[in-house]
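Right, one structure below, let's go through it.
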There are 2 protein chains.
Amino acid sequence: MPVSNRLPSAQTAHRKLLFDAFLRGFAPNASLDETGSALHKLAQPICVGRGCTIPIDPAKDAFVYIGCGATKLIASASSGREQIVAFHFADDLMSVPAGACHSYGLCALVETEVLTFAADAFLETIAAEPLLINALLGRSLTALHRCRDKAVGLGRKNAQERLASFLVGMADRISSIETERCVLDLPMSRRDIGDSLGLTIETISRQFSELRLAGLIETTGRSRVTLCDPAALAERAGHV
Amino acid sequence: MPVSNRLPSAQTAHRKLLFDAFLRGFAPNASLDETGSALHKLAQPICVGRGCTIPIDPAKDAFVYIGCGATKLIASASSGREQIVAFHFADDLMSVPAGACHSYGLCALVETEVLTFAADAFLETIAAEPLLINALLGRSLTALHRCRDKAVGLGRKNAQERLASFLVGMADRISSIETERCVLDLPMSRRDIGDSLGLTIETISRQFSELRLAGLIETTGRSRVTLCDPAALAERAGHV
DNA sequence: CACATTCATTGATCTGAATCAAGGACTGGC
DNA sequence: GCCAGTCCTTGATTCAGATCAATGAATGTG
């Protein structure tokens, strides 16, 4: 398993680019002088390869900004069972909770660059900047909304509805949306999809086959999925 | 099914009490003059009986403050399947999303008094009050954290672990915490518990019986549950 | 206080997804 | 371009929880 690397301090220019992207993506209209440099001091830039865990103190809450790449947020129940709680992509800002009931870990799906922040210091720093808190609040509410929809799927949907729901949701996030057809390059494995949907890898594979047979999707290689009829797929997903 | 009632305008005093409780619970240290009265104008006080749905425009996001009582936030997948996404109790402030994938409804478990706010106007009003945004952010992050833990349960736990997890979680929220024994008065029915844990009413009942047989809980009537050994129960819940 | 109704419990059976097992297809490294 | 290793697919069987069915306990209403 490859290990994670902090960016060497020589790459100051690169670090600056990453931090600027964060500020731009996070609060484009704010003019932050002191706050900006305070955040810059807090930001821990980290670059990890595919399959690596992003080092985060499990005892403290953290915020993580994804500059580029993709990650999975994993929660571990006892006896090694893992549940993927969320996927995140470039320009996402997420909160990683310290483990109370379960322990959380953040893992890169592809080569990924992130900034990590200790949550307490981060919140303290932005406390006086309504634009920033509002932005963070918006992200949190979006995450909450997504998590609730996920709970509906995990609690009340069958395997096929879960996979259809997952594909439609991913299409919204990482594909150019076309009404007719829609091409997705999934950065996660079948196992990841299973761990996200509360299913096994075999069930995921079988449902891919069924959706393919039904003419709703086409697959190319391991990662490319074409949604032939997104509307019909959304219907199978049990969306209202 | 009983219908909900706005508080008659005659009960101005009562309304004021409710609103004051909201401000006190929400941002005890803030001195809000204009913002306070602006919020007061936005607040829609509603009082509903057991089993009633709290009227919320399904087309727009809302925030709801619970003055007293208890509620369930229900999401409906297609074909009438319902998933309870969260329970809320006195002094909670929650966000109710407009339905995108699924439609949400808020329903009272007991006689309940709430204040509802249109989300857009609410956010606009508090935008310049860091204390308030921070409070709202904190509540959102707590809700997100709870929802993630719920996702772990729904995705990766068996029936007994889910019920044990539920009981331990409820004990934290609505009971005086005693290390040895802990008495809970659950305001929700077996069906509600099932709809929250992604299980049927029969499975819930069987698991109650098993936990009772194992000496971990005692039940009195329909609603009272005594946790005889919270630590052992937490272990059965698969908590780390 | 008795009745009606809803709610909870228990049992028997069924089913969708898990598990066990084996073969086949990508992908990346040399 | 070949090979090794990983990832994916498909089939057979098992099992946890759903469903179907019936009885028994709470609640609250007249």
Side-chain angles (χ1 to χ4, degrees), chain A residues 1-2 49-51 72 77 79-83 109-111 153-166 185-213 217-225 236 238, chain B residues 1-2 49-51 72 77 79-83 109-111 153-167 185-214 217-225 236 238:
Chain A
M1 194 62 92
R50 175 195 168 87
K72 52 182 174 182
S79 73
R81 295 167 298 175
E82 298 199 330
Q83 172 68 38
L109 298 170
V110 295
E111 186 89 13
L154 291 172
R156 287 286 174 244
K157 288 185 182 178
N158 66 25
Q160 186 157 136
E161 291 171 318
R162 291 188 205 184
L163 182 57
S165 209
F166 170 80
D185 276 298
L186 298 177
M188 67 291 283
S189 68
R190 299 286 189 267
R191 171 166 303 281
D192 288 334
I193 299 174
D195 284 344
S196 170
L197 300 181
L199 299 167
T200 60
I201 185 172
E202 294 95 331
T203 299
I204 297 296
S205 188
R206 278 184 247 272
Q207 294 308 326
F208 261 112
S209 299
E210 283 208 24
L211 290 177
R212 205 183 299 123
L213 210 64
I217 64 170
E218 284 162 18
T219 56
T220 315
R222 279 176 185 162
S223 65
R224 174 155 298 183
V225 182
R236 287 234 180 177
Chain B
M1 192 63 96
R50 176 195 168 85
K72 53 181 175 182
S79 73
R81 295 167 299 176
E82 298 198 331
Q83 172 68 37
L109 298 171
V110 295
E111 186 89 13
L154 292 172
R156 287 285 173 246
K157 288 185 181 175
N158 65 26
Q160 186 157 134
E161 292 172 316
R162 291 188 206 185
L163 182 58
S165 208
F166 170 80
L167 291 173
D185 275 300
L186 298 177
M188 66 290 283
S189 67
R190 300 285 190 267
R191 171 166 302 282
D192 287 333
I193 299 174
D195 284 346
S196 170
L197 301 181
L199 299 168
T200 60
I201 186 172
E202 293 95 332
T203 300
I204 297 295
S205 187
R206 278 184 248 272
Q207 293 308 325
F208 262 112
S209 299
E210 283 207 23
L211 290 178
R212 205 183 300 123
L213 210 65
I217 64 171
E218 283 163 16
T219 56
T220 314
R222 279 174 184 163
S223 64
R224 174 156 297 185
V225 181
R236 288 234 178 178

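None of the values given here were measured: they were computed from a predicted structure. Chain A is the first sequence line, chain B the second, and so forth, proteins listed ahead of strands; every chain is numbered from 1.
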Handout entry: Side chain proximity check, B:Met188 to B:Lys72, heavy atoms < 4.5 angstrom
Key = no

Problem - B:Ile193 side chain reached by B:Leu186 side chain, heavy atoms, under 4.5 Å - result: yes

Roughly, in whole Å, what's the span from [atom1] in [X] to [atom2] in [N]?
| X | N | atom1 | atom2 | answer |
| --- | --- | --- | --- | --- |
| A:Leu211 | D:dT10 | CG | C1' | 16 Å |
| B:Glu202 | C:dC7 | CD | P | 14 Å |
| A:Leu186 | C:dT27 | CG | C1' | 17 Å |
| B:Lys157 | D:dA16 | NZ | P | 18 Å |
| A:Arg81 | C:dA18 | CZ | P | 13 Å |
| B:Gln207 | C:dA8 | CD | C1' | 15 Å |
| A:Leu163 | C:dA17 | CG | P | 12 Å |
| A:Arg191 | C:dC26 | CZ | P | 20 Å |

Counting only side-chain N and O atoms of [X], is one of them less than 4.0 Å from OP1 or OP2 of [N]?
| X | N | answer |
| --- | --- | --- |
| B:Thr203 | D:dG17 | no |
| A:Ser209 | D:dT10 | yes |
| B:Ser205 | C:dA8 | no |
| A:Arg206 | D:dT10 | no |
| A:Thr200 | C:dA17 | no |

Completion exercise
Correct closest heavy-atom pair for B:Arg162 and B:Leu154 would be NH2-O, 3.2 Å

Handout entry: Shortest non-hydrogen separation from A:Gly49 to A:Glu111 and the atoms involved
Key = CA-OE1, 3.7 Å

Problem - Closest to side chain of B:Ile201, choosing from D:dC8, C:dA21, C:dT9 - result: C:dT9

Problem - B:Arg212 atom CZ, neighbour heavy-atom count above 12 within 6.0 Å - result: yes

What nucleic acid atoms does [X] come within less than 4.0 Å of, heavy atoms only: base, sugar-phosphate, or nothing?
| X | answer |
| --- | --- |
| B:Arg212 | sugar-phosphate |
| A:Leu199 | sugar-phosphate |
| B:Gly194 | nothing |
| B:Arg190 | sugar-phosphate |

Completion exercise
Heavy-atom nearest nucleotide on DNA chain C taken for A:Ala159 and for A:Ser223; more 5' hit belongs to A:Ala159

Exercise for the section: Return the 5'-most residue of the pair A:Gln160, B:Gly221 with respect to DNA chain C, ranking by each residue's nearest nucleotide. Expected result: B:Gly221

Practice task
Identify whether the distance between the nearest side-chain nitrogen and carboxylate oxygen of A:Arg81 and B:Glu161 falls below 4.0 Å.
Solution key: yes

Exercise for the section: Hey, which sits more toward the 5' end of DNA chain D by its nearest nucleotide, A:Phe208 or A:Arg156? Expected result: A:Phe208

Completion exercise
On DNA chain D, more 5' by nearest nucleotide between B:Arg222 and A:Thr219 is A:Thr219

